[in-house]
Amino acid sequence: MHIDLHSYVQKNHDTSAASPSISDGGGSKRLRTASPSASPSSDPGPPGDGDVEFGVVGNNDVDVDGNGGDGSSVQPHDHNDIGNDAEVEDFQFLFGDNSKGTAFLDDKNCDFGDGVSEAENVVMPSDIVEVQLLEDEGEVLDGGDGADFGGARENFDYEKNEQKIDFNPKDPASFCQIETFSEIVTNKILTAGPHQPNAADLKGHAFPETVTENKKIKTSFSTNWYFKKLSDGTLQRRPWLSYSEKTDSVYCLDCILFGSKSSKSRHPQFSKVGFRNWRRGNAAFIEHETSESHVVASITSELRKVCLPLDPSMKEAQLRGREQNREIVRQLIDVTLYLAQHSMALRGHREGKAEKFRGNFLDLVTLLAKYSPALNAYLSKISGAKKKVWNFMSHKRQNQLIQAVSEFIRKEVVKEINAAHFFSVSFDESVDSSRKEQCTCIIRYVRSDTGTVAERLVAVKECAVTSGEKLFEVLTSIFEELQLDWTSCLVGQAYDGASNMRGAYHGLQALVREKAESAIYVWCWAHRLSLAVKEAAGCCLDAVDLFANLKKVYNVINGSKNNVETYEKIFKDTYPGKQILRLKRVDTTRWMSHSFALTTVLRAFEAIVETLDYISKNGVGEPRVAANGLLSYFMSEKFVLTAFTFESIYREVEPLSTSLQGVDVDLMAAVNHVEVVLKALRSLRSEESFADLLKQKEDFITNSAFTREAFKDLPAPAISQRTRKRRVQDGERAADEPIIDPLIKFRVETFFASVDNIISLISERFNDRAQSLYKDLALLTKKRIAEVESDHTSLPEDAFLAFSTLYSKFVNPEDLRNEYKLFSKTFPAYEKVFNKLPKDLHSASSWMHHDDHDHEHSQEDQDAQQRCDDGDEWFGFDEEIELEAAASSALDSPPQLKPENMVHSGSLAHTLYVVHNTGLKTIFPSLYIALKIAVTLPVTSASTERSFSKLKLIKNRLRSTMGQDRLEDLMIIACERDININIEAVVSIFSSYSKYLSDNL
């Protein structure tokens, strides 16, 4: 249906009243119409089915040219064409001039474009004014959010944001004070029509009489005023005149509903107060109905009445269209999730319609459209449009889809953090591919639903300056953005050992502790171990030679594509059917890089030697010379003995490194594991271990493809003519004689020296385990609980004193000690029952695995924890991956310890898991709080390092111009893949980003 406003004005009113420029008070108002002479380029095309060209009741967009009162137009809804700087996305109806406008909108806030500053009368959606029927007294008008009740504010309930007033659609006095009407109320009043009763319809069968001031003349309302006499003598009913029996006044229904605020304030008789001066009634009625404000309101009213029958069908079409749009957005969210969770790019270099490949996002949508009728129809509609139209797949919408998913994940994480109450933080920075310093923030907490530990990435921020003060500002801004009470609930912080992090005065940890005294600082244990292992690689001359030659052989073979091809061919011939093992760099930031490089050389020893031999004979230049020297070194007993010396050391240290990278490792489990490793290394320093090393050397040489004579023996020690004399200490009797035997010299200066050095480094790096806080935490381990159970007097009198002093806001030392004594009696029985209960009562296999061999099972579980990086066993990592790709294999957390497997005596997680899932947390609240805090305390910042591996994949050299907000959202989606995504909730968040989305979703 189409309505031409010009013809409507000329047909129903005189020329002066219908002129586009109408006098209204002191200013001029231009009625914004669709100009008949508009150029074809501005024509948005024919309106769609069910659309109205002027009085729009629909869901799609209209054309707003943004030129204010200078020829602004209201267009059909099929297409979207927003004018210059106009930010309105979904107008439904618009009048306007250079300063004010009148609009029907679908939302409370809107920008009218250039030159239109505010709305005189905005008819809001149905959620603004809500109608409730009463049994006897007609209806109640419930003003909700944004409803304006004029002078009736004294009865407004500001807490509930609503006001209830008597409402009767037949009585204009009951709603004349309302400034803003909802669509439902407007339609109800228009449907009821004006109230024009006859005298016979009244109670006294007569209209009330009004006495004039001189009390000489009595006047009353006349039913003749319901009509006006035209120039040809015919009578025409006044459809705007409505009589109120309650106030004995008449009102203009059109001005009440559609009059502007300024006109109502200037002429309140017919819109707010009510007219009852019957002596000049006829003159007043003629004067009012010819006024500009009344003409404008009457035009609006007539258009609204014409559109009223279309409302139900158009609303149904709206709902159907919205559901179709939601289905399309659901599928687009799935596409976004798939690409973001796999760290894949969304956009293409060229995304034009003529391009065959338009980027992962659009190509994947096109692929899904083959199997989705709704998506296929939507793509056909967009591709068939003659000009650009709004759609859900533009660059802006893609960013909003990513943002909606990320916002949902953040909300879920914050909800879990608030439920946990206590949390700790890990913070670190790294440089991305565009040479920007990126800081990642990891929050550690105990999940309230499962009792397990979680570490979540919550923010990625750019920070050009990495001083302690600047990092503190970034960290606090993150807490404020997430609305976390960090000054009260932050119990720990873990960073690396850089001075800007661990500085005692201006470091990040010191600044945090000034605001949150309970947030103790933990120097990342994984970084400490990595530093110890790296330093141990230079403990003696043989160790320096070993790792220097490992670095050189990597450069020689990988430095030339011909050498790489030769190595691969020789490897396939030497080890048929096995996967190619590629050489690894030694000096990298990857955990245990020295171990990986050494392990690869030992496993591919024959292929490496054959390759070096080929290069030494057929190569040219510097690689040939280097190959000769490397061949001489690798074919020697010195290399084999040194290599297996460090292989035996790394065999003990590697499980500790993997354990410290875990998410759910706690301080006491880490302390216990360090003690186990130190004990194993001390046992390695013995004559028996050296004898095993010699046997291992002989087996390696015997099993190789080379003869025994090809390996050079240990060189004899060089005896200097001048022996340097050393000062003899008091009581020393041993003679200072040089070592002549090469085997003894290797045992003393290489084997024992390397083992002593790594023991000393680890002991020095982890010397804080004797702190009083750690002693209190040790009481919560399974081993100490068993000791207190057998002898209650073994509990020290000052038990938990250090813990309670640090966390005095949360626990009382006396209550904690009393609960601990009772808990030590109860825990063994609860733990036994808890471990015996099967997951499936009627599964026979569930009982088969629960026998009395708890110790054996726990030992197996501990052995299962000893894994290398990325979840593979020793020597089991994927050798096919290059170093850059190999770094990505550390993205996912190492295999986390299942709660039912953490039964070794050093872990607190198992104790917490039993207490949380057996109901003991309500019986021992102080102990439960202490366990939660103890498990929440961080051990490492390995999760931040894993996030940097994701950063390399997401912001690579092909995506180096990515914006910071988009990068942060993609990082959160990629790192927190295990969070279940509620698609409907994401759609709701997505729809809140713009007026267009909220109207169409």
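When reading the values below, keep in mind they use all heavy atoms of this one structure, side chains included, and skip hydrogens, waters and symmetry mates.
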side-chain contact (heavy atoms from CB on, under 4.5 Å) assessment of S406 paired with E968
CA-CA 8 Å; S406 174; E968 182 180 37; 5.8 Å; no

Aromatic rings F706 and F711: how do their planes relate, parallel, tilted or perpendicular, breaks at 30° and 60°?
perpendicular

Could you check E945 against H527 for side-chain hydrogen bond (donor to acceptor under 3.5 Å, both in side chains), going step by step and ending with a plain yes or no?
CA-CA 10 Å; E945 302 297 339; H527 281 88; 3.1 Å; yes

Note: R528-E764 ion pair, threshold 4.0 Å (strictly below):
no

Are more than 12 heavy atoms from other residues, nucleotides or ligands located less than 6.0 Å from atom CG of L367?
yes

Nearest 0.5 Å please: distance from the SG atom of C975 over to the CD1 atom of I442.
6.5 Å

Nearest-0.5 Å distance that lies between atom CG in L602 and atom CD1 in I608
8.5 Å

Side chains of S426 and E455: donor-acceptor distance under 3.5 Å anywhere?
no

Heavy-atom side-chain contact between Q438 and S430 under 4.5 Å
no

Student check: side-chain heavy atoms of L743 and R747 closer than 4.5 Å
no

Quick one, F427 with T944, criterion side-chain contact (heavy atoms from CB on, under 4.5 Å). Give me CA distance, side-chain angles, the key distance, then yes/no.
CA-CA 7 Å; F427 198 74; T944 59; 5.9 Å; no

Tightest non-hydrogen contact, residues S689 and L684, listed as CB-O, 2.9 Å

Heavy-atom pair of closest approach, residues Q964 and E462:
NE2-N, 3.5 Å

Ignoring hydrogens and geometry, is there a side-chain-to-backbone donor-acceptor pair from D969 to I402 under 3.5 Å?
no

Give the minimum heavy-atom separation between S595 and E654, together with the two atoms involved.
OG-OE1, 3.9 Å

Approximate separation, where rounding is to 0.5 Å, of L612 CG and S616 OG:
7.5 Å

Within the structure provided, determine whether I954 and M962 are in side-chain contact (heavy-atom separation under 4.5 Å).
yes

Go through F605 and F700 one step at a time and tell me if the side-chain contact (heavy atoms from CB on, under 4.5 Å) criterion holds.
CA-CA 10 Å; F605 177 76; F700 179 81; 3.6 Å; yes

What orientation do Y650 and F547 show, parallel under 30°, tilted 30 to 60°, or perpendicular over 60°?
tilted

Donor-acceptor pair, R444 side chain versus V663 backbone, under 3.5 Å?
yes

Rounded to the nearest 0.5 Å, the CG atom of L681 sits from the OG atom of S648 at a distance of 9.0 Å

Looking at V609, is its backbone amide N or carbonyl O close enough to the side chain of D613 to form a donor-acceptor pair, meaning the two atoms are under 3.5 Å apart?
no

With the threshold set at 4.0 Å, does a side-chain nitrogen-carboxylate oxygen contact exist between R456 and D978?
yes

Can you tell whether the side chains of E647 and R651 come within less than 4.0 Å, N to carboxylate O?
yes

I'd like to know if the side chain of S947 pairs up with that of T440 as donor and acceptor (distance under 3.5 Å, no hydrogens or angles considered).
yes

Quick one: does S659's side chain have a donor or acceptor within less than 3.5 Å of a partner on P655's backbone?
no

Please check if the side chain of T566 supplies one atom and the backbone of N562 the other of a donor-acceptor pair under 3.5 Å.
yes

Could you please spell out the steps behind the salt bridge (Lys or Arg N to Asp or Glu O under 4.0 Å) verdict for K697 and E637?
CA-CA 8 Å; K697 180 259 297 183; E637 289 187 352; 3.6 Å; yes

Any I409 side-chain heavy atom under 4.5 Å of I981 side chain:
yes

May I ask you to decide if S683's main-chain N or O and S686's side chain share a donor-acceptor pair within less than 3.5 Å?
yes

Closest approach of V939 and A670, non-hydrogen atoms and distance?
CG1-CB, 3.7 Å

Return yes if some donor-acceptor pair links the side-chain N/O of N555 with the main-chain N/O of K551 below 3.5 Å, else return no.
yes

Atom NE2 in H594, atom CG in L546: separation rounded to 0.5 Å?
9.5 Å

Please name the pair of heavy atoms, one in F751 and one in L693, separated by the smallest distance, quoted to 0.1 Å.
CD1-CD2, 3.6 Å

Is the NZ or CZ atom of R685 both under 6.0 Å from the centre of the six-membered ring of F752 and within 45° of that ring's axis?
yes

In terms of heavy-atom contacts, does OH of Y614 have more than 12 from other residues, nucleotides or ligands at under 6.0 Å?
no

For the pair T642 (side chain) and F639 (backbone), establish whether a donor and an acceptor sit closer than 3.5 Å, ignoring hydrogens and angles.
no

Cationic N near anionic O, under 4.0 Å, K695 to D699
yes

Are Q398 and T336 packed together at the side-chain level, in the sense that at least one heavy-atom pair is separated by less than 4.5 angstrom?
no

Given the rule in the side-chain hydrogen bond (donor to acceptor under 3.5 Å, both in side chains) test, do S943 and R946 qualify, once you have shown the distances and angles that lead to the verdict?
CA-CA 5 Å; S943 293; R946 283 190 287 272; 3.0 Å; yes

Under 4.0 Å between a side-chain nitrogen and a carboxylate oxygen: does that hold for K569 and D573?
no

Main-chain N/O of R358 paired to D363 side chain as donor or acceptor, under 3.5 Å
yes

Output yes when a side-chain donor or acceptor of E351 lies under 3.5 Å from a complementary backbone atom of G348, and no otherwise.
yes

Under 4.5 Å between any side-chain heavy atoms of K679 and V676, yes or no?
no

What do the steps show when you test K950 against S343 for side-chain contact (heavy atoms from CB on, under 4.5 Å), and what is the final call?
CA-CA 8 Å; K950 281 289 187 188; S343 304; 3.8 Å; yes

Quick one: are K712 and K638 in side-chain contact, heavy atoms under 4.5 Å?
no

Could you give me the CA-CA distance, side-chain angles and deciding distance for Q661 and S657, then say whether side-chain hydrogen bond (donor to acceptor under 3.5 Å, both in side chains) is met?
CA-CA 7 Å; Q661 296 172 49; S657 176; 3.2 Å; yes

Is there a side-chain contact between R708 and E698 in this structure, where contact means two heavy atoms from C-beta onward sitting under 4.5 Å apart?
yes

Would a line drawn from the ring center of W523 to the ring center of Y495 be shorter than 6.0 Å?
no

Under a 4.0 Å N-O cut-off, is there an ion pair linking K955 with D432?
yes

CZ of F766 to CG of L529, rounded to nearest 0.5 Å, is 5.0 Å

If every non-hydrogen atom of A537 is compared with every non-hydrogen atom of F646, which pair is closest and at what distance?
CA-CE2, 4.4 Å

